[in-house]
A.B. asks: 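Here it is, the structure, as structure tokens.
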Amino acid sequence: MASYKVFNYNSIKNLALTASKVFSLGLWGLSFPFVYSQEMLPPGQVIDTVRCLGNQQQSYALYLPSYYDTNKQWPIIYIFEPSARGRIPVKIFKKAAEEFGYITMASNNSRNGPCKIMFEAADAMIEDSYKRFSVNPDGIYTSGFSGGSRAASSIAVLVKQVKGVIACGACFAPDREYQPDSTNQFVYVGIVGDKDMNYLEHKRVEEQLELLNMVNRRIVFEGRHRWPDEDLIYEAIAWLELQRLKKQLDPSQEILKDKYDYFFGIAEAVEKGGKPAEALRLYQNLQKDFNGFLASPGLSNKIESLTQSKEVTKIRKDIEKVEKRENKLWQIYYDAISELHRTQLKIGSDSTLALENWWKTEIDFLKKLKQNKNYQTSLIGERLLNMVSANFVETRPHYIQKNDFPTAIVITQLWIYVQPESVYAHWTQANNYALAGDKDLAFQY
């Protein structure tokens, strides 16, 4: 069994980034023998809860391929879910994990919040995987959604053993220590919905990684901020497999051709679905992926034809114009939300009334944008409304912790103003009023 290095909070190097957040990374200097517990973990089925041998307080959901064999080493994906619901991503990853032969594990402890929680969960889960399973040290991958994606990406930046990341709905943590640089060699695939508030972040990261010469791909689907479905995860892992295959001295031409046909089919379906500009991007990615491995005159012709298309030129100009506008609006709302975090509001004061009225005016403006006949413009409204409501969700606990229930009520009311159909928003407001001692309004909500 190859030696394995792991996060260890008893032997760490502090990275203390702020007074309120301390990020720590172990030296990954411990070796764990490959052992079997007496607990039978059946392959071919999703197991909701596996308790870590070294820490019974930590657990994860698990999927072993149905043909799992301890006599060989297996690639593994460590997954981080923002609400500690490990079963959800393991089910989504099951299809690809079964076909490509990956062990998948998702922590039931790691969640959005203090990074120490995530790192401790990663420690326990990764250590347990090396104690229980036959892990290929050259096949270590991480993945996650939203805050879990930032966790997965941070681990890849800090730990050189990670070979690749599947980042869903978010990218890297904002702190410089968790941003990639020229020393990072992992491959990176981002998956994001076209209505996700982090959509433009994924585009910026794609450009950032290109400048670092890091192999990467961006997969876009129609949808909001959520876990991608199993077919998108399958596409991501198929792409990781392609990158692994290309590193072989004599890659199988037959398998390469199968991969080419698969990704070409995806691009062609997008083109037939009436999205020529997105199809062009996918064809160009395909050309880059197979450059030096497979030649296809048909692909070159596709790219040339779409590049010269007046329709595609118009769409691209429209997208560029719209995204510049979105960036400006995003900065305005980001600054306003940052001010909300910094300022202790006084309910009933003129400033609070002005704040609430200002946000409602802006929300009304974004709702109109969302209804715009121009599809790209409508996406601005959709993405920014999602960004605003997500930040209200994240801001509210700050005031709950301070027992400032009146401000939490105002914040949640703005969230409801954005998403009046949200059952969770109304439940949260009921919780606010219950904490504030107003039973009548609690029952009303």
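Since the structure is predicted, the reported quantities are computational estimates derived from the model, not experimental observations.
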A.B. asks: Within the distance-only criterion (no hydrogens, no angle test), does the side chain of R132 pair as donor or acceptor with the backbone N or O of L41 below 3.5 angstrom?
C.D. replies: no

A.B. asks: I would like to know whether Y78 and S129 meet side-chain hydrogen bond (donor to acceptor under 3.5 Å, both in side chains); could you show each step before the answer?
C.D. replies: CA-CA 9 Å; Y78 302 106; S129 70; 2.7 Å; yes

A.B. asks: Specify whether Y68 and W74 have parallel, tilted or perpendicular ring planes, treating 30° as the upper limit for parallel and 60° as the lower limit for perpendicular.
C.D. replies: tilted

A.B. asks: Take F290 and F264 through the ring pair (Phe, Tyr, Trp, His ring centres under 6.0 Å) test and state the conclusion after the steps.
C.D. replies: CA-CA 11 Å; F290 287 90; F264 185 89; over 10 Å; no

A.B. asks: Out of curiosity, N109 CG to N55 CG, how far, rounded to the nearest 0.5 Å?
C.D. replies: 8.0 Å

A.B. asks: Do V46 and R87 come close enough that some side-chain heavy atom pair is under 4.5 Å?
C.D. replies: yes

A.B. asks: When rounded to the nearest 0.5 angstrom, what distance separates OG1 in T49 from CG in L62?
C.D. replies: 10.5 Å

A.B. asks: Roughly how far apart are R316 CZ and L280 CG, rounded to 0.5 Å?
C.D. replies: 4.5 Å

A.B. asks: Could you check whether K203 pairs with E206 (Lys NZ or Arg NE/NH1/NH2 to Asp/Glu carboxylate O, under 4.0 Å)?
C.D. replies: no

A.B. asks: Is any side-chain N of the basic residue among K257 and D261 closer than 4.0 Å to the acidic one's carboxylate O?
C.D. replies: yes

A.B. asks: Below 4.5 Å, heavy atoms only, C-beta onward: do K195 and L379 meet side chain to side chain?
C.D. replies: yes

A.B. asks: Atom CG in L369, atom CD in E382: separation rounded to 0.5 Å?
C.D. replies: 11.5 Å

A.B. asks: May I ask you to check whether Y424 and Q419 show a side-chain donor-acceptor distance below 3.5 Å?
C.D. replies: no

A.B. asks: Between N198 and G169 (side chain of the first, backbone of the second, donor and acceptor by atom type, cut-off under 3.5 Å), is there such a pair?
C.D. replies: yes

A.B. asks: Before giving the answer on ring pair (Phe, Tyr, Trp, His ring centres under 6.0 Å), spell out for F93 and Y102 the whole-Å C-alpha distance, their side-chain angles and the decisive distance to 0.1 Å.
C.D. replies: CA-CA 9 Å; F93 277 69; Y102 280 72; 9.3 Å; no

A.B. asks: Any donor-acceptor pair under 3.5 Å linking the side chain of N136 with the backbone of Q73?
C.D. replies: no

A.B. asks: Are there more than 12 heavy atoms of other residues, nucleotides or ligands under 6.0 Å from atom CD of Q57?
C.D. replies: no

A.B. asks: Looking at E81 and A106, would you say the former's side chain and the latter's main chain have a donor-acceptor pair under 3.5 Å?
C.D. replies: no

A.B. asks: Looking only at heavy atoms, what is the nearest atom pair of F172 and S153, with distance?
C.D. replies: CD2-CB, 3.5 Å

A.B. asks: For the residue pair H202 and V205, establish whether any side-chain heavy-atom pair is separated by less than 4.5 Å.
C.D. replies: no

A.B. asks: Are the side chain of D318 and the backbone of K314 linked by a donor-acceptor contact shorter than 3.5 Å?
C.D. replies: no

A.B. asks: When you look at NZ of K91, are more than 12 heavy atoms from neighbouring residues, nucleotides or ligands closer to it than 6.0 Å?
C.D. replies: no

A.B. asks: Looking only at heavy atoms, which two atoms of G144 and W227 are closest? And how far apart?
C.D. replies: C-CH2, 3.7 Å

A.B. asks: Could you tell me whether K160 atom NZ has more than 12 heavy atoms of other residues or ligands within 6.0 Å of it?
C.D. replies: yes

A.B. asks: What do you reckon, is CD of E254 surrounded by more than 12 foreign heavy atoms closer than 6.0 Å?
C.D. replies: no

A.B. asks: Take E320 and K317 through the test salt bridge (charged side-chain N to carboxylate O under 4.0 Å, His left out) and record every step on the way to the result.
C.D. replies: CA-CA 5 Å; E320 183 179 358; K317 287 183 178 178; over 6 Å; no

A.B. asks: Looking at side-chain heavy atoms only, is the closest gap between V157 and N184 below 4.5 Å?
C.D. replies: yes

A.B. asks: Counting N and O atoms only, with roles assigned by atom type, does the side chain of T142 sit under 3.5 Å from a partner on the main chain of A152, one being a donor and the other an acceptor?
C.D. replies: yes

A.B. asks: Taking 4.0 angstrom as the limit, do R217 and D289 come out as a salt bridge?
C.D. replies: yes

A.B. asks: Within a 6.0 Å radius of atom OH on Y334, are there more than 12 heavy atoms belonging to other residues, nucleotides or ligands?
C.D. replies: no

A.B. asks: Can you tell me if N108 uses its side chain to pair, donor with acceptor, with the backbone of G86 under 3.5 Å?
C.D. replies: yes

A.B. asks: Determine, for K95 against D231, whether the closest basic-nitrogen to carboxylate-oxygen distance falls under 4.0 angstrom.
C.D. replies: yes

A.B. asks: Do N372 and N374 pair up side chain to side chain, a donor and an acceptor below 3.5 Å, judged on atom types alone?
C.D. replies: no

A.B. asks: Got a sec: does the NZ of K367 have more than 12 other heavy atoms crowding it under 6.0 Å?
C.D. replies: yes

A.B. asks: If you take all heavy atoms of A390 and M197, which pair is closest and at what distance?
C.D. replies: CB-CE, 3.7 Å

A.B. asks: Walk me through whether E235 and W239 qualify under side-chain hydrogen bond (donor to acceptor under 3.5 Å, both in side chains).
C.D. replies: CA-CA 6 Å; E235 181 181 345; W239 184 82; over 6 Å; no

A.B. asks: Kindly say whether G44 contributes a backbone atom to a donor-acceptor pair with the side chain of E98 at under 3.5 angstrom?
C.D. replies: no

A.B. asks: Under 3.5 Å, is there a donor-acceptor pair between the side chain of Y234 and the main chain of D229?
C.D. replies: no

A.B. asks: Output the distance between atom CD1 (I411) and atom CD1 (I400), rounded to the nearest 0.5 Å.
C.D. replies: 10.5 Å

A.B. asks: Within the 4.5 Å heavy-atom criterion, are S107 and M118 side-chain neighbours or not?
C.D. replies: no

A.B. asks: For E323 and N327, which I'm curious about, is there any donor-acceptor pair between the side chains at under 3.5 Å?
C.D. replies: no

A.B. asks: For A122 and I155, which heavy atoms make the closest approach, and how far apart are they?
C.D. replies: CB-CD1, 3.9 Å

A.B. asks: Under the side-chain hydrogen bond (donor to acceptor under 3.5 Å, both in side chains) rule, what do D335 and Q331 come out as? Steps first, then yes or no, please.
C.D. replies: CA-CA 6 Å; D335 290 344; Q331 192 61 54; 3.0 Å; yes

A.B. asks: Check the surroundings of atom NZ in K72: do more than 12 heavy atoms from other residues, nucleotides or ligands lie under 6.0 Å from it?
C.D. replies: yes

A.B. asks: Could you check whether any side-chain heavy atom of F145 comes within less than 4.5 Å of a side-chain heavy atom of H225, counting everything from C-beta outward?
C.D. replies: yes

A.B. asks: Indicate the atoms forming the closest heavy-atom contact of G193 with Y199, along with that distance.
C.D. replies: O-CD1, 3.6 Å

A.B. asks: Where the side chain of D181 meets the backbone of T183, is there a donor-acceptor pair that is under 3.5 Å apart?
C.D. replies: yes

